[in-house]
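Reviewing the structure listed below.
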Number of protein chains: 2
Amino acid sequence: MRIGELARASGVPSATIKWYLRQGLLPRGELSAPNQADYGVEHVRRLRLIRALLEVGGLSVAAAARVIATLDDPSVSLSDVVGVAHGALARAGDVATDGAMDPLVDAFLARRGWVVRPDSPARQDLAQLLAAVSGLDLSGMASAAGKPPPAPSLEQVLDGLDPYADAIDQLAASEIASLPIGAPRDVVVQSVVVGTVLMEQMLGVLRRLAQEHYFEAAVRMIKPGDDIARTMERPRPR
Amino acid sequence: MRIGELARASGVPSATIKWYLRQGLLPRGELSAPNQADYGVEHVRRLRLIRALLEVGGLSVAAAARVIATLDDPSVSLSDVVGVAHGALARAGDVATDGAMDPLVDAFLARRGWVVRPDSPARQDLAQLLAAVSGLDLSGMASAAGKPPPAPSLEQVLDGLDPYADAIDQLAASEIASLPIGAPRDVVVQSVVVGTVLMEQMLGVLRRLAQEHYFEAAVRMIKPGDDIARTMERPRPR
DNA sequence: CCATGACAGATAGTAACACTATCCATAGTG
DNA sequence: CACTATGGATAGTGTTACTATCTGTCATGG
């Protein structure tokens with residue numbers, strides 16, 4: 001298979017394929033001549049994975065390249081594959097958060113019983129999220145209307161995390177159980193990557209779908225008279 | 001407060017603040033002279049929300065502008081705020097998926113009992129995710145090693161969604177229950193936006209933390225001899 | 001056997017995005 | 001009154017993910 005056929009088979013323009021080759025996202029085909037390379041079905045499959053990671057998973061090309069490099073390297077352990085996939089999903093770059101949240105994060109993880117490496121990217125992300133959410137100061141808006149701010153919201157935010165963590169705890173058991181134990185390495189590794197990167201998107205999408213349903217259902221429950229009900233009752237424009 | 005003070009108070013450079021003003025992310029301050037404007041605490045608060053949506057929530061400036069516009073418009077119903085927030089999170093642009101997944105998506109939603117508007121962006125996202133995941137063809141790798149592909153994986157993928165949907169169902173109840181019913185509109189609306197955008201990130205981060213913990217725990221359970229166990233046992237390099 | 005088109009690989013160009021810097025006339029400040 | 005800060009506009013910058021062009025080579029049908 002030459003690059004034109006690969007492009008047609010995968011739906012990716014050949015110029016883009018060439019670029020992926022240069023970025024190390026896709027292994028080069030076997031050269032049968034200085035300007036003739038041969039690609040196989042594994043290239044088509046790899047391209048599908050690449051596009052899924054980029055378009056659906058939202059990874060950058062560089063992050064996808066790091067992930068894909070671990071796929072082909074049998075010296076990388078499965079734990080490390082998970083770590084690389086998590087690193088690719090991490091939002092907080094190497095911009096260190098100031099560390100003010102770290103004790104809270106540690107306390108939360110200890111409370112959940114989650115044992116996590118100290119340099120885990122998700123840990124940084126959690127710290128950043130906590131800082132952002134608690135800094136939003138929901139109560140500040142009410143307090144501007146008269147009263148003083150009721151309380152530091154950080155503990156409230158942390159407590160509010162439990163329903164999320166409970167749901168995640170429940171999910172994790174199924175996820176571990178569905179690992180294709182005993183399959184060849186490449187199958188397991190790709191399952192782990194897909195399960196990590198794409199299923200995180202899936203979780204978000206399912207949540208939005210459920211939110212739409214339950215939120216509309218909840219709106220119908222609320223009696224008129226509440227502040228919230230009044231803004232909900234307004235007929236939707238357009 | 002003038003722009004320099006606002007910049008110092010928020011940590012956002014004044015050139016960036018000016019840009020947010022032009023993009024409609026931030027309302028202009030009150031002009032006391034042709035070149036003197038006055039900003040208040042609500043601008044500091046708004047800037048914090050903007051930075052949270054952009055940096056933590058991962059929204060584009062345009063998407064954040066759409067979300068923020070709904071915050072200040074009392075003619076927008078709460079349901080619409082949810083819709084706008086979901087639209088801002090949607091990954092599938094207006095690039096219509098080919099529709100091949102739609103019956104599957106409808107069947108899934110019906111099975112879950114989730115009532116969702118037909119034009120919901122999350123519905124498109126789900127279709128795209130299903131297409132991507134089922135197109136990856138995990139089994140294809142094994143089949144390349146000898147056997148024919150065991151089965152069309154789409155139904156398998158759909159069935160595998162149930163644990164995720166179960167977890168989400170459980171979570172949705174808590175989320176609806178924690179809505180600050182009866183609070184002033186701006187408090188409720190900001191709660192909804194934060195709950196939608198930032199808590200989706202939170203869910204992903206918590207999942208990664210839990211995965212790290214449970215995956216390591218699972219690895220320690222597996223007996224040597226399995227394919228998977230062998231790749232797990234390898235001492236981590238570095 | 002050779003014109004024609006596809007190809008590999010490299011380099012340069014483009015479009016979108018999120019800022020960032022500069023400019024100008026005016027405002028406040030010591 | 002010198003001087004810095006300001007509001008508003010416009011232009012420039014760096015990054016990312018491609019996309020187009022160029023050069024020489026290859027293969028293949030007439």
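In what follows, chains carry the letters A, B, and so on, assigned in the order in which the sequence lines appear, proteins first and then strands, with residues in each chain numbered from 1. Given the structure is predicted, the values throughout are model-derived calculations rather than measurements. No hydrogens, no waters, no symmetry mates; every other heavy atom, side chains included, goes into these values.
Contacts of His213(A) classified as side-chain contact (heavy atoms from CB on, under 4.5 Å), with partners at least two apart in sequence or in another chain: Trp114(B), Val115(B). Partners of Arg22(B) according to the side-chain contact (heavy atoms from CB on, under 4.5 Å) rule, which considers only residues two or more places apart in sequence or in another chain, are Lys18(B), Trp19(B). Ala9(A) is linked by a side-chain contact (heavy atoms from CB on, under 4.5 Å) to Val44(A), counting only residues two or more places apart in sequence or in another chain. Residues that satisfy the side-chain contact (heavy atoms from CB on, under 4.5 Å) test with Pro27(A), not counting sequence neighbours, are His43(A), Arg46(A).
At whole-Å resolution of the value, CD1 in Ile3(A) and C1' in dA8(C) are 8 Å apart. In this structure, His43(A) atom NE2 and dC7(C) atom P are separated by 15 Å, rounded to whole Å. Between Leu54(B) atom CG and dC19(C) atom P there is a gap of 6 Å when expressed in whole angstrom units.
Between Arg2(B) and the phosphate of dG28(C), there is no side-chain N or O to OP1/OP2 separation shorter than 4.0 Å.
Side-chain contact between Tyr20(B) and Leu54(B): present, with at least one pair of heavy atoms (C-beta onward) separated by less than 4.5 Å.
Evaluation of the ring pair (Phe, Tyr, Trp, His ring centres under 6.0 Å) test over residues 45-75 of chain B, restricted to residues two or more places apart or in two chains, returns none. Sorted by first and then second residue, the ring pair (Phe, Tyr, Trp, His ring centres under 6.0 Å) pairs involving residues 53-89 of chain A (not counting sequence neighbours) form an empty list. Sorted by first and then second residue, the salt bridge (Lys or Arg N to Asp or Glu O under 4.0 Å) pairs involving residues 55-64 of chain A (not counting sequence neighbours) are Arg51(A)-Glu55(A). Listed by first and then second residue, the salt bridge (Lys or Arg N to Asp or Glu O under 4.0 Å) pairs that reach into residues 28-42 of chain A come to none, sequence neighbours excluded. Screening residues 202-213 of chain B for salt bridge (Lys or Arg N to Asp or Glu O under 4.0 Å), with sequence neighbours left out, gives Arg117(A)-Glu212(B), Asp125(A)-Arg208(B), Glu175(A)-Arg207(B), Glu200(A)-Arg208(B).
The stretch residues 12-27 of chain B touches DNA chain D through Lys18(B), Arg22(B), each having a heavy atom under 4.0 angstrom from the strand. Listed by residue number, the members of residues 57-72 of chain B with any heavy atom below 4.0 angstrom from DNA chain D form an empty set.
Side-chain proximity of Asn35(B) to the nucleotides dC7(C), dT26(C), dG28(C) is greatest for dT26(C).
Positionally, the nearest nucleotide of DNA chain C for Arg8(A) lies more toward the 5' end than for the other of Glu55(B) and Arg8(A).
Close approach of DNA chain D to chain B, defined as any atom under 4.0 Å from a non-hydrogen atom of the protein, starts and stops at dT6(D) to dT10(D).
Between the side chain of Arg2(B) and the backbone N or O of Ala37(B) there is no donor-acceptor pair closer than 3.5 Å.
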